[in-house]
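Note: hydrogens, waters and symmetry copies are ignored here, and every other heavy atom, side chains too, is used. Quick note on labels: first sequence line is chain A, next is B, and so on, each numbered from 1.
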2 protein chains.
Amino acid sequence: MDLNDRKFKILEAIITDYIKTAEPIGSRTIAKKYDLGVSSATIRNDMSDLEELGLIVQPHTSAGRIPSDRGYRLYVDKMMQSQELSPEVADLLQNVVENNIGQIDYLMQQTAKALAALTNYTIVVTEPKSSRLNIKHVQLVPVDERSVVAVIVTENKSVKNHVLRVSNVPDIEQLNSISQAINTAIQNYTLQDMESIASVMLQTYPENRELVTKLLKAILTAVKQNDNVHYYTSGVNNILGFPEFSDVEKAKNIFRALEEKDMLITLFDKDSEHNDEVHIVIGGENNMKELQECSIVRADYNYGNDSYGTIGVIGPTRMNYSQTVSVLNAIIKNLETVIKSISDGKNKDGKNG
Amino acid sequence: MDLNDRKFKILEAIITDYIKTAEPIGSRTIAKKYDLGVSSATIRNDMSDLEELGLIVQPHTSAGRIPSDRGYRLYVDKMMQSQELSPEVADLLQNVVENNIGQIDYLMQQTAKALAALTNYTIVVTEPKSSRLNIKHVQLVPVDERSVVAVIVTENKSVKNHVLRVSNVPDIEQLNSISQAINTAIQNYTLQDMESIASVMLQTYPENRELVTKLLKAILTAVKQNDNVHYYTSGVNNILGFPEFSDVEKAKNIFRALEEKDMLITLFDKDSEHNDEVHIVIGGENNMKELQECSIVRADYNYGNDSYGTIGVIGPTRMNYSQTVSVLNAIIKNLETVIKSISDGKNKDGKNG
DNA sequence: ATTAGCACTCACGCCGAATGAGTGCTAACA
DNA sequence: TGTTAGCACTCATTCGGCGTGAGTGCTAAT
């Protein structure tokens, strides 16, 4: 059985209608609302065929049809038209990015927030993560009589603070000296050779043994933390807005799933090489039973060499794929252009610059 | 009409029972479950009196009684017994605090998380905020060819990073020199006298005009950000676990309310001097209609001179006030002892120390 | 002051009928 | 052979009625 033009149109009608209304749609409604030039009986026959192909299903005997996961898949792969963003939306997305360059965490947060507001779905954004991580610069800053902050700048430009608590804090000159020493040590050895670095440092600063030890530990932690993906979510509550989750139990399950970090990580890492395409996982295609009624649209953004992060949109299976893909493409393009322009040196100023 | 001992006992029975079960409770049940030595008819008469006093209400004619806001108020003010924490819980609360000293933001986050897990309510923790804020130390750290991080340590020991984007980054010696200069300048002048600081700095480092200007701006931002209360929430989803919010619409309203930052701020600032007592706002006592079915238990913790933050617990009116107050008292005591011991110098080590 | 007894109220759950949206099938038609 | 009108059939949903039971309020007796 092949799909003629009319059947495609009927499938499309069912999908777009269902995305809008969340109600099963029947033959008569299609005949009236969409001008296909045939009677409801004909549409009925076609729908019967579409059901036989597994593209639509009937929730119960006397109801209309709704798209199946396979139906959505066909739609997304073959039929969906890319959607032009309105200038307002495009502007908004651009502003979000441009106003927040410089502070990665803030940028991620704001991006997530904007996307959540725009799409009404749940957004997850991961911080850029590179496969190999090197420390670029370390600086010790005094806080009070018993604590020093180690500011650690990594090669992918993230800046992390680690508070070191020590029994006595050396003066600023000494702190600077130690900072400088560790920086040269890091340049001369690789981080894998921590023992060498440690012995050199402890030899040079025997009187600051405690501080140096803790500093080295902090550096190791920073490197390890790289494996520990940081991410930001926004719009989790949007879930409650959809009739398919008006059952509190269902909503709770989804919330629980979203809270579990590991789950999200696998969600984003699995089965997908990092590439330039938007990736769509529909309903049961993902193997987490808590999210079988959800779809996930995700895309990666490059952030300098070897370093990339992910933006994911989680919504009901009945989500507006076309709009979501457009928005994702736009924000990723914005992120990447701005990032590139910064490293090229013709940057605009960030909010805090 | 006065409240004799038995009526108090009946009220208490109704409140504790309702807190546990969320079901209206009738005279017969009280007679059976609580050993008052009188018949259900007697209890019925007493309940009628309690209702007349506005301490309990009937959801509908043929239902049992539930406590009114005024009933809870009487209970909380006059009848509630402080509850001993189990050693496990006490330990847990202590560990949370002690393992996270040093990194305020992390400490707040973990505290919120622990309290949410423990109480099953929603927790809001605000970062300590002092009425006057002074900068204690500033250090510039290079990130890449076009950006420098200004690490700003304030007197209340918070450490903030501000990325400064500049057209060219001076070398490390120069950055250190500028850092040192700004530190002495800040010591010599007050922050109110920014113009003097600016003119001195710009005179000393004419070739780094851009960097210095942005640095000063960042410092001002840091001071101003102090007005901007930072807070952490946890356990928002716990709301969904309570039958009173099993209606999705209600849950959504509460979520919306909790999302609005301003709302939370007023919730915490309003009508309450900062003092050592746990503060309880019951149901309709707060004037936000979205939260009229919720109660808020909050307490402030001192964080060094003039600086304090707030921990708030938000739950259904039918919340376990006694347990909540105990937990709050415990965590606040822990926070304050640990903070004090740090400034006294006999600290334990933090996780990252 | 307390209690037993009784009439009364009313939310809740269950049943059955009516409704109506939607289907599948068949026979007729172009 | 594809399309259509017509019709019987299905079944979720709605609504009214009815029985049940938890709970009250009142009264009269203790």
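When every heavy atom of B/N238 is checked against every heavy atom of B/A116, the shortest pair comes out as ND2-O, 3.4 Å. Across all non-hydrogen atoms, the minimal contact from A/R70 to A/G54 is CB-O, 3.6 Å. The two residues B/P67 and B/V57 have their closest heavy-atom pair at O-CG2, 4.5 Å.
As rounded to whole Å, 12 Å separates atom C1' of D/dG25 from atom CE of B/M47. Atom pair B/I43:CD1 and C/dT2:P shows a separation of 11 Å (rounding to whole Å applied). Taking atom NE2 of residue A/H60 and atom P of nucleotide C/dT23, one finds them 11 Å apart after rounding to whole Å. For A/K7 and D/dT3, the NZ to C1' distance is 13 Å, given to the nearest whole Å. Regarding A/R44, its CZ atom lies at a distance of 15 Å from the P atom of D/dA8, rounded to whole Å. With rounding to whole Å, B/L50 atom CG is found 16 Å from D/dG23 atom C1'. One atom, CZ of A/R65, and another, C1' of C/dG22, lie 9 Å apart when rounded to the nearest Å. Rounded to an integer number of Å, the gap from B/Q58 CD to C/dC8 P is 18 Å.
Nearest-nucleotide positions on DNA chain C place B/N45 closer to the 5' end than the other of A/N45 and B/N45.
A donor and an acceptor atom, one from each side chain of A/Y121 and A/T324, are nowhere located under 3.5 Å apart. Side-chain atoms of A/S326 and A/Q83 include no donor-acceptor pair closer than 3.5 Å.
In this structure a side-chain-to-backbone donor-acceptor pair under 3.5 Å is present from B/Q58 to B/A63.
B/A63 comes within 4.0 angstrom of the backbone, heavy atoms only, and of no base.
A distance of 6.0 Å separates CG of A/L55 from CG of A/L50, quoted to the nearest 0.5 Å.
For the segment residues 10-31 of chain A, the set of residues with a heavy atom within less than 4.0 Å of an atom of DNA chain C comprises A/G26, A/S27, A/T29, in numerical order.
Look at B/S39 and you'll find a side-chain N or O under 4.0 angstrom from OP1 or OP2 of C/dT3.
Between the side chain of A/T61 and the base of D/dC11 there is no donor-acceptor pair of N/O atoms closer than 3.5 Å.
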